Number of protein chains: 2
Amino acid sequence: MSEYKTEQPEDEIKPAVIISSEIPDSEYPAVPRTSYGLRVLQSLRRIIRAVDLHSRKLSMQHNITGPQLACLLAVNEHGPLTVSSLAREIHLSPSTIVGIIDRLEQKALVLRRRSSQDRRVINIEITSKGMELVSSAPSPLQETLAKALQGLPEIEQITIVSSLEKIVKLMEAEGIDAAPILVTGSLVNKLVDKKNKP
Amino acid sequence: MSEYKTEQPEDEIKPAVIISSEIPDSEYPAVPRTSYGLRVLQSLRRIIRAVDLHSRKLSMQHNITGPQLACLLAVNEHGPLTVSSLAREIHLSPSTIVGIIDRLEQKALVLRRRSSQDRRVINIEITSKGMELVSSAPSPLQETLAKALQGLPEIEQITIVSSLEKIVKLMEAEGIDAAPILVTGSLVNKLVDKKNKP
DNA sequence: AAATAATAGTTTGAATTGAAACTATTTGTA
DNA sequence: TACAAATAGTTTCAATTCAAACTATTATTT
């Protein structure tokens, strides 16, 4: 797809408009220019991106990513954990966990051990090498955030935390029963069908 | 990796402990049990997951994902956009945009047109099919969030929005200059080296 | 006890994401 | 004008993420 050829159709379309982000965009006007929903979503996208970038930096500098570190810390703190407990603990699906554990196991930071009680379950244990890493661990995002938060008055810290937790509630509730809201009829399905046959 | 064999080493390790998420976990104690940083991070992970799950549901029901819809709406609103403007607009890297546009183009919702002024730039235009989809669009996450927020008193809405925007500032600032905080020495690099040779 | 259902972990497939390396083009400089 | 540097978009690569389908094991039902 788009193999870097110069054979695209020509234009004569008005040039790309100057968009709002040309203006320094962490400055919001006192009077909201857009809806709260939009601003929340915009913020969330940027937060998600910041988390991802942090993880990549971690990966560059310490050869361990954010999710990997999160799993390692959880196993270190709680002792051996099954895949599903770990999934619940850090709010990821089991299929996601498997890949992360694969990579941690490759690096010999954890190991899988099958239970003899119930041979379906796998216990994930931290290795000595894993413990070594944890004890001299790179400051996880958590601590960095904590440090950043400490620069604010405590009332504000509390406000931020409880706001976030409220958003979580809203979004997770939405996930369960926003389906009726989303189902605007299957018109769109007809417009955009899987095979895109004209 | 872990090809579903039964040959793993046996255990005799204490069984996986009962972890906190066994307890209904959107209920937080009045007295914080953990640090603010941890709670913020926990919330962020859950929010990120909720966004992802929403996108998947959208994809199931309407054959368009969240990021795809975000791009489509941006192009619809601003008129033809270049890849880099679009990247700035929705806070994603250009390489990410390319993949998303590829898929939108496959579905004939947008098209690429190379500028004749400057043959390096590609303008992304919405097609009639794209406009049709937008006009009867599935409620984007933005609106769903807005609806959810409307259930709260406005003061609270404002608090939430400004808290989120504060977090954005903290995290994006951190992204720029938290490097010194993160660099805890290269010890970890020695513990976990790329090739894991013993 | 045999058949069925439930559970635990895994694999597969697709989308998203960004850094780094790359191609093509334009701009700036010697 | 020729050469270097900057810019725009792309490709490649790896990690994350989840649903759905799958294997192996345990629990339940008939």
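Only a predicted model underlies this, so the values are computations on that prediction, with no experimental measurement involved. The sequence lines fix the lettering, A, B, ..., with proteins before strands; numbering per chain opens at 1.
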Short question: side chain of [X], backbone of [Y] - any donor-acceptor pair under 3.5 Å?
X         : Y         : result
Glu165(A) : Ser43(B)  : no
Arg113(B) : Asn123(B) : no
His78(A)  : Ala74(A)  : yes

Nearest 0.5 Å please: distance from the OG1 atom of Thr159(A) over to the CD atom of Glu156(B). 10.5 Å
Output the distance between atom CD1 (Ile126(B)) and atom CG (Leu133(B)), rounded to the nearest 0.5 Å.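 Spacing of CD1 (Ile126(B)) from CG (Leu133(B)) equals 8.0 Å.
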At 4.0 Å (heavy atoms only), tell me whether [X] reaches a base, stays on the sugar-phosphate, or touches nothing.
X        : result
Ile48(A) : nothing
Leu53(B) : sugar-phosphate
Leu92(A) : sugar-phosphate

Spacing between [X] atom [atom1] and [N] atom [atom2], to the nearest angstrom:
X         : N       : atom1 : atom2 : answer
Arg114(B) : dA24(C) : CZ    : P     : 10 Å
His54(A)  : dT17(C) : NE2   : P     : 19 Å
Arg119(B) : dT23(C) : CZ    : C1'   : 14 Å
Gln117(B) : dT7(D)  : CD    : C1'   : 17 Å
Leu104(B) : dA15(C) : CG    : P     : 11 Å
Ile100(A) : dT11(C) : CD1   : P     : 15 Å
Asp102(A) : dG9(C)  : CG    : P     : 14 Å
Leu58(A)  : dA19(C) : CG    : P     : 14 Å

With the criterion being N/O to N/O and under 3.5 Å, what pairs connect the protein with nucleotides 2-4 of chain D, and how long is each?
none

So if I apply the side-chain contact (heavy atoms from CB on, under 4.5 Å) rule between Val110(B) and each of Leu81(B), Asn76(B), Ile124(B), which one comes out positive?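 Single side-chain contact (heavy atoms from CB on, under 4.5 Å) partner of Val110(B) among Leu81(B), Asn76(B), Ile124(B): Ile124(B).
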Minimum-distance nucleotide to [X] side chain [options: [options]]:
X        : options                   : result
Pro94(A) : dT10(C), dT10(D), dA19(D) : dT10(C)
Gln68(A) : dT10(C), dA15(D), dG9(D)  : dA15(D)
Val83(A) : dA19(D), dG9(C), dG9(D)   : dG9(C)
Arg49(A) : dA8(C), dG18(C), dT10(C)  : dG18(C)

Do you know the tightest heavy-atom contact between Ile90(B) and Ala70(B)? CG2-O, 4.5 Å
Which atom of Cys71(B) lies closest to which atom of Ile100(B), heavy atoms considered: SG-CG2, 3.7 Å
Is the phosphate of [N] approached by [X] (side-chain N or O, under 4.0 Å from OP1 or OP2)?
X         : N       : value
Arg112(B) : dT10(D) : yes
Ser95(B)  : dA20(C) : no
Thr96(A)  : dT17(D) : no
Ser93(A)  : dA19(D) : no

Residue pair Arg56(A)/Arg120(B) against DNA chain D: nearer the 5' end by closest nucleotide is Arg120(B)
Which residue lies more 5' along DNA chain C, comparing Asp118(A) with Asp52(A) via nearest heavy atoms: Asp118(A)
